[in-house]
Structures are given as structure tokens and as C-alpha cells.
Undergrad: 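Quick one: the structure is below, and I'll ask about it shortly.
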Amino acid sequence: MEDYLNHLNESQRLAVECTEGPVMIIAGAGSGKTRVLTYRIAHLMNKGIDPFNILALTFTNKAAREMKNRISLLAGDEARNLWMGTFHSVFARILRVEGHRLGFPSNFSIYDTDDSKSLIKTILREQNLDEKVYKPSMVLNRISSAKNNLMSWVEYRDNVELINDDRLSGKPHLSAIFELYTKRCFKAGAMDFDDLLYHTYMLLKNFPDELNKYQHKFKYILVDEFQDTNYVQYMIVRKIAAMSENICVVGDDAQSIYAFRGANIQNILSFEKDYPDLSVFKLEQNYRSTKNIVNAANSVILNNRNQLRKEVWTDNDHGAKIKVLRALSDNEEGSIVANSIFQEKMNHQLHNKDFAILYRTNAQSRSMEEALRRMNIPYRIYGGLSFYSRKEIKDLLAYFRLTINPNDEEALKRVINYPARGIGQTSVDKLVVAADQNGKSIWEILENIHTVTTGIATNTQDKIADFVSMIKSFQVMMKSHNAYDLASYIANTTGILRDLYNDKTPEGLGHYENIQELLNGIKEFTTSSNYESGTNLPEDESLSQSNNELPDYPVTQLPKTLDLYMQDIALLTDAENKDDGDNNKVSLMTIHSAKGLEFKEVFVVGLEENLFPSQMSMLSRADLEEERRLFYVAMTRAEKMLTLTYAVSRYRWGNLVGCEPSRFLEEVHPDFIEFANISKRSESETSWGSFQDDDFSQSRLNNQRKKNFEQKKPAVPKNFTPLHRSQKLSSATVANDFIADDPSQIVVGMEVEHQKFGTGKVIHLEGNFPDNKATVYFPAEGNKQLLLKYAKLKIVK
DNA sequence: GGAGGCCTCGGAAGG
DNA sequence: CGAGGCCTCC
């Protein structure tokens, strides 16, 4: 044990050894964060803590899997008993056992985003509301952020500000949709992703015995990527940790790149307030990158106002300066990158796998791919459609879901007429109406289709009856058959397999193969005892539903039935990386998916204004700062060499458009970067003569940058053009052309302008972002309490 | 119920 | 430009 602690530097070791009480570890990029986390857990186990009592929460399944493997190497096989998984998988597991307290069945379905949107569409149709006004994705966002801030539909309905706000933006029925959505999920025995967190919190809040049970169970709690947690996640963790206070969070505010979907950096600040006796450790030594790269990345992030004080440094060599390459077009950018990779491989004996090309948007991969193909450089693209979100897979899984939970309305709608069996939309609509009128679920109507009055034609009724008996036969089989036998039986009986087999187009062939692949996976689950679980969670007998009775046989010998399989994979949404055996390839991915990875040489491409930073980020300062953190993440992926490229013109949606170099290029301190003017007009490309003027000359760029740094002020946004699209719902809200300021900038005493109430003065502030409320005095209206998140306030003075 | 024409819109992404 | 949704027509 002493031995392995020697693998750590001083601050890492301190962070590992401080096992008791609240701990916050601020870990800079490349500072060995994962190492500290794994060693800390291994250290706890070696000190004799039962792994069943350790809860480690991550954001991705991949992170959980990798960490568990690494801990096994340090602490042995016992590691498989750790409660290590994503927030969602851990709490889904708990809700399977305890959900009945809230009225949910243990076999509840989990709605993915598509299911949620589809349910919202159904509700809109039933309520005669316009999908254009109530865009399902926007409605879902709204419901989601309410639940993530622990707000039920009742509280939403009774919140004057919110209702007012919805009315002003022409969407007065949002709270009604929220209500119907909630009730509909409950009736279907289903939870969406946000419900898994929301209901867990409510379980702990409203049932003291449950809270007590889990406080005693999870004596040690660790949270990875803490900067990415949202409010409800933080509140759950806080509740469970309230007894032992052995809570350790690890994060880096500089790498928070998911605020746009609800992550809340403010949690880091709240943490310091909530735990006054907190031990804070900062990991500031970077082991990954050269001095030039570390310093350059630091100089960029300095332009952000919202950040914790921390100084990342490194002992490594200075290395080469960061190179900026200018291209004339996206295609030339591709060949420049491909050529550089070729050269670097030659000059430094590197392999394809040592290189990564990172971009802001997926659409940029095309020109890179073409160039790499021309040079015969093998590559792999990460990201894209996940295996489990393919249509054919979701169709088959919907049959499984329906078998397990026949009330699952979204699964039912998906497959009641697939493959086609003559039960059209009109019949389904009639079924929904009948279900509503009789206060029953759709499934209950289906079961009694011949006796309930629905207005459905008799021969359609017969088809429905056939469908019902088919599903019922699956349900009977589930008790006695293993997952694989039943799954392949379902694939055959329903006609899915036949339907796909008959499609001989290349895509159709792919669909058929995907089904086969899914079935193979189920076979593996059924037959193998050491199947790599999707959930990463232990088989923990202490969570048995009946507390007093022991199960008839050990948990490990339970027959592997279909419902167990579905529990295991329900939350697997990450894209499967098909392993074709050859891993020596150049990696292509978005910057977001590169988080946590490292490469010897990295190319960040498309450094153009309005692309990176994205033009969508120009709305508010918060968005721009997040974009800058994204740039920081991209830069710090590189170990030895970093190259930035931009094109002066680029095809966008079929049109050739002119581009300016990104402001981010000007924000890198001049000492760590060099502008290599290598761009030449190539013969094969002829159509951008107009972009060759001196506007983009390197010398001008260099002078501008020098000037900026001499004046010791960050680069000022140039050509700051607000978007013409007027609708965006985020922490800084824009609606009806009224552009709000960043709520976090608002302080007491400020004069602000409200869309409706006019100009007023902030007289009181309370609560934490994003729930901070301001009391504002408006001369015409008197005092108004506003939720800054939703109130559209412009700072006047 | 499926094929084909027309319209709209375009961001990164985990569970 | 191209994917996806919707409408129309058979």
C-alpha cells in the first residue's frame, strides 16, 4: 500500500489520504485526476472499507467502466462490489427497489428523449396545440429544467413568474402540458431521464426511513466531473452524505462544457458554503503537455471572468510552439492537416493513433475524411448515432419493453402497427380517447377491445385482439425462458426479422445485421457468467425488496430473463465503438467527445469566427465563456504538439462563404504561438479569389494580438452581431428581440430594464444560480420578485 | 399504408 | 445542400 502511494505526487497523495469529511479536489487538465480518484477508492478499500458502502458517481458509462477496471488492478477483484456508475444508473437501480413507495412498479420503463418528445407530440395533438409554437424539444427542455430544479408541475403551475413569463412569450399552456406529461408518464409506469433523479430526491426527502437506509449504506461518496452536475444531482448527493459527510467531489471549472444542458458550475461555489470545514486540494501540476501548450491554454482561459483561481503548470519541456495554419478553403484545410500528419509521422516515428483531429461541429469531418482518404491514412470517426438509438433496435426493444410493462404507452405506439398489421393512426387515436374516457390505460382498453365502445371497426378489433394475445404469450414465456430464447422468438414472431430480411438495399442489410448483433449481445448476457454489465453496479443483496425474507436462491443464480437484460441496458446510450481490430488510426471527433482523452499531436480545425466560437454562442457572455472553455479542453488534449487551422472560405449548406479567423487565435498569448503562413493557392481549387485580400494577412493578425496584450486587456469581440433568430431558452434568455444580459452579472443596486415593467432598480438578491431571485423596484409597478433565469433583464447601469 | 413532392431548418451531447 | 416531417395521392 505504501508502495503504490509513491506513484503520487505530494498534492495527489494528500488528496488520496484525506478520506474523512468533505473534500473538494480541483484538478487541472492533465493533472492526474482519474489517478487520484482511483487511488483514493483503492485506498479506502485497503483501509478496510466495504466496497458495498462506497458510492462513486460518474457521468458516462465509459468513465465508470474504465475506473472500475483500474481500481481492480490496484485493489483486486473486490472492486466489482463498488457502487460505481452514472447518476442515472445508480438511482434507477434504487428506484427499482424503492419506487413502489412513490407508486411506481419495479418494472417501470425508462423513456429516452425520443419517447419523451413523442409523448409531448401526442399531448399536443390531443390538446389541439400547435407544434410550431410548442416545439416538442423546447417543451421538453422546459419540463426538464423545472424537474432538474426540483420543481413539480404543481409548483410550476402556482409560480406566478413562470406562468406570467409563459403567457408573455405566447405559450400559456406549458404548465398544462407539464401536468399532462407527468400524469401520463405515471400512468404508463414510466420515468424519463430527469425523473430518475427527481423521484430519487423525492424518495429521500419524503421517506425518512429510506433516507436513513441509504445514508447508512453509502458511507463514502465520490463524484467525478463535479463541474457537470446539475442542481438535483447535487441535492441528492448532499442528502445522502448528510450523515457521514464523507463526500469527495472532483472537478475542474475550466473544463465545464455542458452548462448548455443544465450543468451548474455554481455547485462548486455552493459546495464551499455548504461544507465550511471542507478540505480543498488543488492538483495543478500537468503531466500531459509541454510548457508551451499548458501556458497557451492558460492564457486563453484568463479571458474568462467566471473561474476559480488556480495555476496549472508543468515540469515538461517547452516543446514546439503552437502552430497556426491558414488555409483558403475547407478542402485545403483538410489536405494541410493530412500532409502535416504524414510529415510528422516520418519525422518523429509516430503512429496514426498518436494523432487526433478535433472540430466544433460534426459537419466538418467531411473535408478531413476526404483528405485522409486521398493520402491513404486510416482514420476512425467517433460519435454519431449510437447503436441503441437506431430505429430497428428501438423497435425490437419496444417489444421487449411492452412485454415487461404493457402500460408503456410509447413502446406500444411504436410497435402496435410495426410491422404493419392494419392498426392505423385513426384506430390508435380512438384507443387513446377511450382510455381517457374510461380512466384506464391503453393496454387495458386493448385487453377488452371487444367489450369497450371505441368506434373501431370489427375487423380491426380482431387484429388488436391478435396483437394482445401475442404480447401476452411473450409475457408468459418470459417467466420460463431465458432472455436470448425469448428475444429471438419475439424477433421472429412479430415479423421484424422477416421485414428487415426482405429489404435488400445496403441500408436494409445493415438494419438486419444490427438486429443480429443485438441478439448476439443478448445471447452473451444469457450464457456468460462474467458478462460485462452495462450498469457497472454490483449484485447487492442488501437491497433486496423484501427486507426480511431471503431470496429462494442466491442472487447470482437468478435465471437471466429478458427483464433483467432490459434493466441492464436501459441506460446504455453511448455510441458503440465497433472494434475492427485495427486501433492504429487517426481519431476524428468533436471537441466535446474528446474530453478525458489525450494524444501526442492534436489538430484543432475550423478556428473561424462564427464557427468556433459558434455563432449561437454570441448571444451572451456565459455562452462565449463556455465556448472558450471548450477551446481550453481542445488545447489541453495535446501532449507534444498542437496545431490550429482556419480556412478563409468554407462550404456551408452548399454555399461558399467567407470566414474570418477566430477571436480565439488572438487570445492566445503571443509567446506560445506562431503563425506559419504556409497557405498557397492550389491549382485544383479556384473559386475564392475574393477572399485573398489582405484582410486576413498574418502580419495584421500578429500586430493586433501584440497590441491587445501590450494594453493588458483581453481581445475585444469584433463585428459583434447578435443573432437574427430571436428564440433561445437558456440561462440568458432572448425572446421577442429583447436581449437579456447574463443573470450572474446582476447585483444589488443595479438599474435594469424589464421587457414589460420598464426600468427598475435591484434592491435584493437571494438564492443560488440558476435559481437566484431578484427583487426589483419598478416605479410604475412597485416591487417585483423575479426569477433571474426567466426574467429578461437588461443591465442599464 | 407507402411513395414521392414540398417545406423547413440547420449546435455541441450524457443518461 | 440534405435530413426529416408533413401532405397528397394512389
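We name chains A, B, ... by the order of the sequence lines, and we start the count at 1 in each one.
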Undergrad: Roughly, in whole Å, what's the span from CZ in A/F260 to C1' in B/dG11?
TA: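 Whole-Å distance recorded here is 8 Å.
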Undergrad: Go nucleotide by nucleotide along DNA chain B from the 5' end; which of A/S593 and A/A420 gets its closest nucleotide reached first?
TA: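 Result of the comparison: A/A420.
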Undergrad: Check every strand shown and say whether A/T86 touches a base, only sugar-phosphate, or nothing at a heavy-atom separation below 4.0 Å.
TA: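 Contact class for A/T86: sugar-phosphate only.
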Undergrad: Which of these nucleotides, B/dG11, B/dG15, B/dA13, is closest to any side-chain atom of A/Y258?
TA: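 Out of B/dG11, B/dG15, B/dA13, the nucleotide with an atom closest to A/Y258's side chain is B/dA13.
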Undergrad: Looking at C/dG2 and A/W653: do their rings stack (centroid distance under 5.5 Å, interplanar angle under 30°)?
TA: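 According to the criterion (under 5.5 Å, under 30°), no, A/W653 does not stack.
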Undergrad: For A/L196 and B/dG14, what is the distance between atoms CG and C1' respectively, to the nearest whole Å?
TA: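 Taking CG of A/L196 and C1' of B/dG14, I get 13 Å after rounding.
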Undergrad: Under 4.0 angstrom, heavy atoms only, what part of the nucleic acid is A/Q233 near: base, sugar-phosphate, or nothing?
TA: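 Since no nucleic acid heavy atom lies under 4.0 Å of A/Q233, the category is nothing.
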Undergrad: Under 4.0 angstrom, heavy atoms only, what part of the nucleic acid is A/N417 near: base, sugar-phosphate, or nothing?
TA: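 Result for A/N417 = sugar-phosphate.
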Undergrad: Classify A/I423 by what it touches in the nucleic acid, base, sugar-phosphate, or nothing, heavy-atom distance under 4.0 Å.
TA: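 Result for A/I423 = sugar-phosphate.
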Undergrad: What nucleotide among B/dG15, B/dA13, B/dG11 has an atom nearest to a side-chain atom of A/R261?
TA: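 In terms of side-chain proximity for A/R261, the closest of B/dG15, B/dA13, B/dG11 is B/dA13.
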Undergrad: Roughly how far apart are A/Y388 OH and A/L397 CG, rounded to 0.5 Å?
TA: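 Result: 8.0 Å between the selected atoms.
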Undergrad: What is the distance, rounded to the nearest whole Å, between atom CZ of A/R629 and atom P of B/dG11?
TA: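 Atom CZ in A/R629 sits about 21 Å away from atom P in B/dG11.
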Undergrad: Mind running salt bridge (charged side-chain N to carboxylate O under 4.0 Å, His left out) on A/R421 and A/D466 for me, showing each step along the way?
TA: CA-CA 10 Å; A/R421 52 175 70 87; A/D466 288 347; over 6 Å; no
Undergrad: Less than 4.0 angstrom between a side-chain N/O of A/N655 and OP1 or OP2 of C/dC1, yes or no?
TA: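 Answer no for this pair, as no side-chain N or O of A/N655 is under 4.0 Å from OP1 or OP2.
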Undergrad: Could you check if a side-chain atom of A/E225 sits within less than 4.5 angstrom of a side-chain atom of A/T58, using non-hydrogen atoms only?
TA: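 No. Closest side-chain heavy atoms not under 4.5 Å.
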Undergrad: Tell me yes or no: between the side chains of A/D195 and A/Y111, is some donor less than 3.5 Å from an acceptor?
TA: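 Note: A/D195 and A/Y111 side chains miss the donor-acceptor criterion.
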Undergrad: In whole angstroms, how far is the P atom of B/dG1 from the CG atom of A/D499?
TA: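 In whole Å, B/dG1 P and A/D499 CG are 13 Å from each other.
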Undergrad: Is it possible for you to check whether A/K595 lies under 6.0 Å from the centre of the six-membered ring of A/F59, through NZ or CZ, and within 45° of that ring's axis?
TA: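 Cation-pi check for A/K595 and A/F59: fails.
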Undergrad: OP1 or OP2 of B/dA13 versus the side-chain N and O atoms of A/T590: is any pair under 4.0 Å?
TA: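 So the side chain of A/T590 is within the cut-off, an N or O lying under 4.0 Å from OP1 or OP2 of B/dA13.
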Undergrad: Nearest whole Å is fine: how far is C/dA3 P from A/K391 NZ?
TA: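 Value for this atom pair: 18 Å.
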Undergrad: Roughly, in whole Å, what's the span from CG in A/N610 to P in B/dG10?
TA: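 Taking CG of A/N610 and P of B/dG10, I get 15 Å after rounding.
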Undergrad: Rounded to the Å, how far apart are A/D568 CG and B/dG15 C1'?
TA: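 Whole-Å distance recorded here is 15 Å.
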Undergrad: Can you tell me how far CH2 of A/W83 sits from CZ of A/R93, rounded to the nearest 0.5 angstrom?
TA: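 If I round to the nearest 0.5 Å, the distance is 4.5 Å.
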Undergrad: Using heavy atoms to find the nearest nucleotide of DNA chain B for A/K132 and A/N148 separately, return the residue whose nucleotide is more 5′.
TA: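 In this pair, the answer is A/K132.
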Undergrad: Could you tell me how the ring of A/F104 sits relative to the ring of A/H199: parallel (under 30°), tilted (30 to 60°) or perpendicular (over 60°)?
TA: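 Rings of A/F104 and A/H199: tilted, 30 to 60°.
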Undergrad: Base, sugar-phosphate or nothing for A/F87? Non-hydrogen atoms, less than 4.0 Å.
TA: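 Since no nucleic acid heavy atom lies under 4.0 Å of A/F87, the category is nothing.
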Undergrad: Could you tell me how far C/dA3 sits from B/dG14 if I compare only their C1' atoms? Round to whole Å.
TA: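 The same atom, C1', in both gives a distance of 23 Å.
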Undergrad: Roughly how many Å is it from CG in A/L57 to C1' in B/dG14, rounded to a whole number?
TA: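 Atom-to-atom, A/L57 to B/dG14, this comes out as 14 Å.
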Undergrad: Ignoring hydrogens and angles, are the base of B/dG15 and the side chain of A/T113 linked by a donor-acceptor pair under 3.5 Å?
TA: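 Such a pair is found, so the answer is yes.
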Undergrad: Tell me what A/F193 touches on the nucleic acid: a base, only sugar-phosphate, or nothing, going by heavy atoms under 4.0 Å.
TA: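 Touches a base.
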Undergrad: Let's see if you can work this out: which of B/dG14, B/dA13, B/dG11 has an atom nearest to the side-chain heavy atoms of A/T60?
TA: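 For the A/T60 side chain, the nearest candidate turns out to be B/dG14.
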Undergrad: What's the gap between C/dG5 and B/dA12 when it is taken at their C1' atoms, as a whole Å value?
TA: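 To the nearest whole Å, 23 Å.
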Undergrad: Touch check for A/R652, heavy atoms < 4.0 angstrom, all strands: base, sugar-phosphate only, or nothing?
TA: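 If one applies the 4.0 Å heavy-atom cut-off, A/R652 turns out to touch nothing in the nucleic acid.
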Undergrad: Has A/N362 got a side-chain N or O lying under 4.0 Å from the OP1 or OP2 atom of B/dA13?
TA: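 Yes, such a contact exists.
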